[in-house]
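All chains are named by letter (A, B, ...) in the order of the sequence lines, taking the proteins before the strands, and each is independently numbered beginning at 1.
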Amino acid sequence: MRSSPCSKPKRRLWFRRDLRVEDNPALAAGVRLGEVVAVFIWAPEEEGPFFPGRVSRWWLSQSLLHLDSSLRSLGTSFITKRSFDTASTLLEIVHSTGATNLFFNHLYDPLSLVRDHRLKELLTARGITVRSFNADLLYEPWEVYDENSRPFTTFAPFWNKCLSMPYDPAAPLLPPKRITTGDVSMCPSDTLVFEDESEKGSNALLARAWSPGWRNADKSLTAFINGPLIEYSINRKKADAATTSLLSPHLHFGELSVRKVFHLVRMKQLVWINEGNRAGEESCNLFMRSIGLREYSRYLSFNHPCSHERPLLSHLRFFPWVIDEGYFKAWRQGRTGYPLVDAGMRELWATGWLHDRIRVVVSSFFVKVLQLPWRWGMKYFWDTLLDADLESDALGWQYISGTLPDGRELDRIDNPQFEGYKFDPNGEYVRRWLPELARLPTEWIHHPWDAPEPVLQAAGVELGSNYPLPIVEIAAAKARLQDALAEMWQLEAASRAAIENGTEEGLGDSSELPLIDFPEEMQMEVHLEPLRITNNSPAVDRRHEDQMVPSMTSSVVRVEEEEVSTDVGNIAGDSRQEVPSNVNFDEAPEREEIDGGSLPTVRDNNVVQHFNPARLQIPVQSMEDSSSSRTERDGGVVPVWSPPTTSSRSEQFVADDTGITSSSYLQRHPQSHQLINWRQLSQTM
DNA sequence: CCAAAGTTTAG
DNA sequence: TAAACTTTG
């Protein structure tokens, strides 16, 4: 009965961030149709500045081991390849295994959008059938549109729409019972190295707290749903308790299917609704909302692929960021003088983890009090977080920075002292992570600078010596922020006027300037006590350019013994900008229908993109272009990701008939609702 | 019933 | 911080 090997379709299955065998549509499709060769390609240099950080690489390595053993026990081998060019490596594997098909699951970060499209063209041109699937989202970004068939630009209506779609997210697929392996005798695996010697010690600690791998992810999900979920609505505000799901790293690497999460949580919710358990019901809503934010981050990334490096609201281009690496360093080290902020930063450093609320606190402090460029902070998160996720982190930082239409107000400064008493009322969190303040009474724990001298003495705290005074006073930060915003609006107005007058070189249209790189070695002298800024401090160094992230290697000092070393940033310091490839999207077809499946594609008729991963420049889909064509659930037709049109109408986030009343802030600054005009940008890029 | 005062909530 | 929602006089 066996057909000859030649006539049997041979699938190649390309794993990326879908490291599971359960509910993996690409895997399921492959298994259904023939022999399968499973592949993982490690080409981190292609990620440009977003080379994974130490903890993230550790997780990946563990997850791959786990997947490898699953695949082997199902009957197939798992090929791993070290590569500097995914495309050529894939071609190589295709040839050496005689594969006729390539299956994989979608990714939505800007780099993958471009790379996957290019790969598909490349392989299709060589007679390989390529199919791609949704394994990462409840609904594909191109399935969710508003009543005018345009993409949503704010979260709440987006999420409402997701929750009221005419069809449910696909039900999870069971793992295959057995996988027929393809011939891999000509395709040896490379041994992948994810850590260097200096990182081993720190990584060993991670294994005590975390268990990567899809089966463990599944266990964590079950444990969460049967445990903390019911109290989630109450507990999620506490910085110090393990009451969140802790699923984000599992989700990032696709060890866990969000669709499974969705269906299990909803089943639980129905039970609680039946029991009349309001808190449980609400907990499910809130938890699913945070899953929704993850969905939205992909949605935004798909519709605005530059969101990881450029503000989505155009006026933010004119914000005069404070360029102060001393601030940056103090923030990273947890030496800002604000206990809640510092505790968070120490926890992040020590564990690669941070409670969601604390992420908001430290990033909002970073942007609003220190006024450092948000991309620096995002990069540091990227390097240190176990669940570092480009789309989610870009969404978070843009939200905090006020560069989203529904983000935090630009002129709002949260006071870490008050937030401290809100999220850590007893100071336990601060005491855990700041041993130098451990003996301070709760009354003063979140504002030691106000404490009477005898109290400080009794607690062994010497401000300015073993714990810093506030690096910037809140009142000074407020004043400074007002100045910066005034300057920003002035420049924005000037620029608009210049453009209207046809004086093309609009004043300070800074996003067109090259991003400024920092010198490799920074001669910041190590001041244990960073300069304090008060109301009468001299002017700070401000710049409008959206700067590159400075190298963190050279500037981090050991302040505590437990700070192993600064491997966190060492990758960032390497020069790995050498992955140039010119991408030309000229030939993209209008509509893709290849073996029933296709992936999001990028197309640009006018411009040959010089694709430099270190600085992605992709023309962005305009609101008007959004195709409204519907997608079938699995492997259906996908709208081509279209280029900007020539129309120059700028997108508005209107707060009109939908009943969103505009705040006084918005009345003063209506531009706060206006998306950056990507079309204009892309024409000059 | 209204308005003021208090409470909650936001990624 | 500030807006929306709830409680109270």
Side-chain angles (χ1 to χ4, degrees), chain A residues 152-160 162-163 232-239 244-245 247-248 251-252 278-279 282-283 285-301 304 307-308 311-313 316 340 344 354-369 371 374 377-378 381 385 387-423 425 474-475 477-482 485 653 655 658-669 672-673:
Chain A
F152 290 99
T153 50
T154 50
F155 173 68
F158 163 81
W159 187 230
N160 286 336
C162 289
L163 292 175
Y232 185 78
S233 62
I234 304 158
N235 284 336
R236 79 208 156 92
K237 290 167 203 154
K238 294 178 189 160
T244 55
S245 74
L247 292 175
S248 54
L251 285 167
H252 170 76
R278 292 281 310 167
E282 184 59 9
S283 288
N285 285 337
L286 286 165
F287 178 67
M288 280 316 297
R289 185 179 186 275
S290 66
I291 296 289
L293 283 162
R294 179 182 174 282
E295 296 272 309
Y296 188 58
S297 73
R298 270 81 179 139
Y299 187 80
L300 264 192
S301 176
H304 307 280
S307 58
H308 66 297
L312 285 181
L313 295 175
L316 253 289
L340 187 65
L354 215 46
H355 189 290
D356 179 54
R357 294 288 164 138
I358 306 302
R359 295 185 196 203
V360 172
V361 169
V362 299
S363 55
S364 143
F365 182 84
F366 184 92
V367 172
K368 299 296 178 67
V369 178
Q371 292 166 38
W374 60 271
M378 191 177 92
F381 268 27
L385 276 172
D387 58 9
D389 181 284
L390 195 52
E391 297 94 311
S392 290
D393 293 348
L395 175 66
W397 281 90
Q398 294 235 21
Y399 170 80
I400 290 301
S401 311
T403 70
L404 290 174
D406 52 353
R408 287 262 246 265
E409 304 286 9
L410 268 171
D411 54 357
R412 166 176 165 183
I413 288 189
D414 289 302
N415 191 323
Q417 175 185 337
F418 300 148
E419 294 189 302
Y421 287 106
K422 202 150 67 177
F423 303 132
I474 296 299
K478 279 184 182 164
R480 205 169 68 167
L481 185 60
Q482 289 308 324
L485 290 174
F653 288 100
T658 46
I660 308 163
T661 43
S662 47
S663 69
S664 60
Y665 181 80
L666 286 179
Q667 276 157 5
R668 276 180 286 135
H669 301 296
S672 296
H673 263 247

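A:L410 places its CG atom 15 Å from the C1' atom of C:dA2, with the value rounded to the nearest Å. Distance A:I358 CD1 to B:dA10 P: 16 Å, rounded to the nearest Å. Taking atom CG of residue A:N285 and atom C1' of nucleotide B:dA10, one finds them 16 Å apart after rounding to whole Å. Straight-line distance from the CZ atom of A:F418 to the P atom of B:dT7: 16 Å, rounded to whole Å. Atom pair A:D411:CG and B:dA10:C1' shows a separation of 15 Å (rounding to whole Å applied). In this structure, A:L293 atom CG and B:dT9 atom C1' are separated by 14 Å, rounded to whole Å. One interatomic measurement links the two molecules: NZ of A:K368 to C1' of C:dT1, which rounds to 10 Å at whole-angstrom precision. Taking atom CZ of A:R408 as the reference point, atom C1' of B:dT9 lies 11 Å away to the nearest angstrom.
Remark: A:R408 engages A:D414 in a salt bridge, criterion side-chain N to carboxylate O under 4.0 Å.
A donor atom on one side chain and an acceptor atom on the other are not found under 3.5 Å apart for A:H252 and A:D387. Inspection of the A:Q398 and A:T403 side chains reveals an N or O donor paired with an N or O acceptor under 3.5 Å.
Between A:K422 and B:dT9, a side-chain N or O to OP1/OP2 separation shorter than 4.0 Å is absent.
Nucleic acid contact class of A:I400 (heavy atoms, under 4.0 Å, all strands): none. Residue A:D414 is out of contact with every strand shown, counting any heavy-atom pair closer than 4.0 Å. Within 4.0 Å of A:L286, counting heavy atoms only, lie sugar-phosphate atoms of the nucleic acid but no base atom.
The backbone N or O of A:W397 lies less than 3.5 Å from no partner atom in the side chain of A:S363, so there is not a single donor-acceptor pair.
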